[in-house]
Amino acid sequence: RMLGSYSPIIHLQQTDGNASAHRPFNAQQNQSGIVTGDAVLQALYDSYQQPAHDGYPPRCTDLYLTLELFSGTAEHPAQIIRSIQDSVAYWRRFIPQDGLPLDQLIDRLPASHPAAK
């Protein structure tokens, strides 16, 4: 929320808050996970609404949200691919196509979301 507008790359991973396990965004992990698409977009949006910090570099005009998923050495390749597919599908609910401005993504949030206009 404070520094998102200064970071050109945001690494996305699901977590339960107890470890940085780089889990996928699938039904099983999202059930206990604390990272949600709407909260990430809201935090980034809020970062741009804050006054610019003196001494910081210019704010980013382009942001890249990148999946940072790790897999276990015993996982079957098909399972790894499925985890990636599930994660992409999850994030496409919030970012339907690449290159959309952040304010448009915020406008797409459900009406019940605090950021929805």
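Keep in mind that the numbers below use all heavy atoms, side chains included, and drop hydrogens, waters and symmetry copies.
Side-chain contact between Arg1 and Gln50 is absent, with no heavy-atom pair separated by less than 4.5 Å. Annotation: side chain of Pro96 is in contact with side chain of Arg108 (closest heavy-atom distance under 4.5 Å). Asn26 has its side chain within reach of Ser83: a pair of non-hydrogen atoms, C-beta onward, lies under 4.5 Å apart.
Heavy atoms only, all atoms of each residue included: Leu69 and Pro24 are closest at CD2-CA, 3.7 Å. When every heavy atom of Ser47 is checked against every heavy atom of Leu3, the shortest pair comes out as OG-C, 3.9 Å. Of all non-hydrogen atoms in Arg59 and Tyr48, the two that sit nearest each other are NH1-O, 3.2 Å. Here the closest heavy-atom approach between residue Leu105 and residue Phe94 is recorded as CD2-O, 3.4 Å. Minimum heavy-atom separation, Gln14 to Gln29: CG-O, 3.7 Å. Minimum heavy-atom separation, Leu44 to Leu102: C-CD2, 3.7 Å.
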Legend entry - Test log, rule side-chain contact (heavy atoms from CB on, under 4.5 Å), inputs Val40 and Trp91: CA-CA 11 Å; Val40 169; Trp91 280 97; 3.9 Å; yes
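Hydrophobic clustering (side-chain heavy atoms under 4.5 Å, transitive across Ile, Leu, Val, Met, Phe, Trp, Tyr) groups Ile34 together with Leu41. Under the 4.5 Å side-chain heavy-atom criterion for Ile, Leu, Val, Met, Phe, Trp and Tyr, Ile10 and Leu100 are members of the same hydrophobic cluster. Linking Ile, Leu, Val, Met, Phe, Trp and Tyr residues whenever their side-chain heavy atoms come within less than 4.5 Å leaves Tyr64 and Val88 in two separate clusters.
Between the CZ atom in Arg93 and the OG1 atom in Thr36 there is a gap of 9.5 Å [rounded to 0.5 Å]. Of the inter-residue distances, the one linking His76 atom NE2 with Ile81 atom CD1 reads 9.0 Å to the nearest 0.5 angstrom. Note: Ser87 OG to Asn30 CG = 7.5 Å, rounded to the nearest 0.5 Å. Note that the OG atom of Ser5 and the CG atom of Leu63 stand 8.0 Å from one another [nearest 0.5 Å].
Side-chain contact annotation: Asp46 with Gln42, donor-acceptor N/O pair under 3.5 Å present.
Of the charged side-chain nitrogens involved, at least one lies within less than 4.0 Å of a carboxylate oxygen, so that Asp98 and Arg92 count as a salt-bridged pair.
For Glu68, the side chain to side chain contact (heavy atoms under 4.5 Å, CB included) partners two or more places apart in sequence, or in a different chain, are His11, Gln13, His22, Phe70.
In Gln31, the CD atom is not crowded: 12 or fewer heavy atoms of neighbouring residues, nucleotides or ligands sit closer than 6.0 Å. Atom CD of Gln104 has more than 12 neighbouring heavy atoms from other residues, nucleotides or ligands inside a 6.0 Å radius.
With Tyr90 contributing its side chain and Gly37 its backbone, the two residues share a donor-acceptor pair below 3.5 Å.
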